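Let me begin by presenting the structure, written as structure tokens, before commenting on it.
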There are 2 protein chains.
Amino acid sequence: MRYNQPLPIATNTPMLSFVEENYLKAIYHLSEAGKRPVNTNALAEEMKTAPASVSDMIKRLSEKRMVDYQKYRGVNISEKGKIKALHVIRQHRIWKVFLVEKLNFQWDQLDEVAEQLEHIKSPLLFQRLDEFLGFPKFDPHGDPIPDENGQLIEKRKDPIAQLPVGTAGIVVGVNGSSASFLKYLDKVGISIGTRLQIVDRMEFDGSVDITIDGKKTITISPTVAENILLSEA
Amino acid sequence: MRYNQPLPIATNTPMLSFVEENYLKAIYHLSEAGKRPVNTNALAEEMKTAPASVSDMIKRLSEKRMVDYQKYRGVNISEKGKIKALHVIRQHRIWKVFLVEKLNFQWDQLDEVAEQLEHIKSPLLFQRLDEFLGFPKFDPHGDPIPDENGQLIEKRKDPIAQLPVGTAGIVVGVNGSSASFLKYLDKVGISIGTRLQIVDRMEFDGSVDITIDGKKTITISPTVAENILLSEA
DNA sequence: TAAAATATTTAGATTAATCGAAATAATAAT
DNA sequence: ATTATTATTTCGATTAATCTAAATATTTTA
């Protein structure tokens, strides 16, 4: 079926269908995680589709030089494919920032919508949206947002619980997404981008005292400390 | 090809593909404009597709009870189809407001992107977006935004040039979209939602004096008066 | 009202994406 | 080094959307 998608703006990389983009994203993620060729079954699992479908699609992506593929040998993403994938990931993460910061979405409502929005074709839209959001570097899960060229400044992100007393950093994400946890963070004034400093740790239970934005100091439970991710800054 | 679209949230109206939605929108618009059955050729023209494709698609939409159709007799949108169409139109216009108000898009860059965004499936997204934008009633072209139920409060919108002296109203749109015209409007402080009053009209050339937001009064040329649309309020 | 012109539909093909079942290759186990 | 197991690919079909060319209707015009 034809997509009625607008024509490519800049045809440096050829236009891919939504589905092709999703495969590329999955291949990228799986090869980052597992390192070395992605096997058909894993991809089928990830894409919730039959292995036969994966074989078909991989063949087509290979013809488009988006992946390197040899029969029975699994698939590796190509340089072109990587750029494409990072492009989609960039758009996905930018939308997530928008949904959380501007529309007050909760963590667990994000992906369903972002997975649709990420495929919108409009460089202008993303430039403007990026600007509107203040050029965010991390999405609400603390994952880094690649730049237009697919450059991705990977920074360590560690739970407060694993950092030494004295460490200062920016909140770049949280683990989990329970509504009550997010409400708690909201109440104490912590969100993505908030600057925290670890001022003390109680040895007997792992509670931590933190200073928020250099203003008030509060004590957080070990569980909370485990679930707030900081990045040096 | 399958869409990988998310499953329908509320399955009161069945899930339609992007393309089906676009046809419905076109049928709705054409039947509003021309009144009475939409003929195949007109639809083919509107959809930039072959008449044969239109026949095929109409048959499918008819099976889904989205249109009433009899061979060689043209097609009428059904009640179900109308609701669907208005839904898409609502989403299109809400996005347009967002693009102009938040991302500073120009009038002529709007439709290309809005036509992609309008098909996103997420009631929550549109609730929140609507709220974020302050529940706008008109899009940047002055077209009314249907509510969630497809109710559409049609209001007259007339060029200033055609309204009598003394009339007050809200700017609900503009004709045309030249960059320089928009820049001019911006300079004099007129945008969607601005309240204007017509205080005088020069008979010899049709220039009009208007008061902007009850504050300053300026004179606009007949051309400008022709291209600013007011709605009573 | 019959012929000419126009509009619409059918028929047969094509492409993207999918699937299940059968065939084949690779890997693990004896 | 065979055999058994598992992974992967091929084959044949299906669905949505499209197309061109040919066949029918409808409408217009003489």
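Everything quoted here is computed from the prediction, not taken from an experiment. Here is how names work: the chains are called A, B, and so on, in the same order as the sequence lines, proteins then strands, and each is numbered from 1.
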So which protein nitrogen or oxygen atoms get under 3.5 Å of nucleotides 2-9 of chain D's nitrogens or oxygens?
residue	atom	partner	partner atom	Å
D:dT8	OP2	A:N41	N	2.9
D:dT9	OP1	A:Y69	OH	2.3
D:dT9	OP1	A:Y72	N	2.8
D:dT9	OP2	A:T40	OG1	3.0
D:dT9	OP2	A:S55	OG	3.0
D:dT9	O4'	A:Y72	OH	3.4

**Request:** In sequence, state the C-alpha distance, the side-chain angles, and the governing distance for A:L129 and B:F98, and then conclude on side chain to side chain contact (heavy atoms under 4.5 Å, CB included).
**Result:** CA-CA 11 Å; A:L129 195 53; B:F98 171 73; 4.0 Å; yes
**Nearest-Å distance for atom pair CG/P, residues A:D56 and C:dA16** = 12 Å
**Request:** Please say whether the positively charged group of B:K157, taken as NZ for Lys or CZ for Arg, lies over the ring of B:F138, i.e. under 6.0 angstrom from the six-membered ring centre and within 45 degrees of the axis.
**Result:** no
**Request:** Quickly work out the B:M15 CE to D:dA16 P distance and round it to whole Å.
**Result:** 13 Å
**Nearest-nucleotide pick for A:M57, side chain only, options being D:dT18, D:dT20, C:dT18** = C:dT18
**Request:** Using a heavy-atom cut-off of under 4.0 Å over every strand shown, decide if B:A50 touches base, sugar-phosphate, or nothing.
**Result:** base
**Asked** Quick one: B:F18 CZ to D:dT18 P, roughly how many Å, whole number?
**Response** 13 Å
**Message:** Nearest whole Å is fine: how far is D:dA16 P from B:E63 CD?
**Reply:** 10 Å
**Prompt:** Does C:dA16 have OP1 or OP2 sitting under 4.0 Å from an N or O in the side chain of A:S17?
**Reply:** no
**Message:** Whether B:S53 contacts D:dC19 is assessed here as follows: a side-chain N or O lying under 4.0 Å from the phosphate OP1 or OP2. Is that the case?
**Reply:** yes
**Message:** For B:E32, I'd like to know if atom CD has over 12 heavy atoms of other residues, nucleotides or ligands within 6.0 Å.
**Reply:** yes
**Asked** Can a salt bridge be assigned to the pair A:E20 and A:K64 using a cut-off of 4.0 Å between side-chain N and carboxylate O?
**Response** yes
**Fill in**
Scanning both residues in full, the closest heavy-atom pair of A:V171 with A:I190 reads CG2-CG2, 3.9 Å
**Request:** Evaluate the side-chain proximity of B:Y23 to B:I58: yes if any heavy-atom separation is below 4.5 Å, no if none is.
**Result:** no
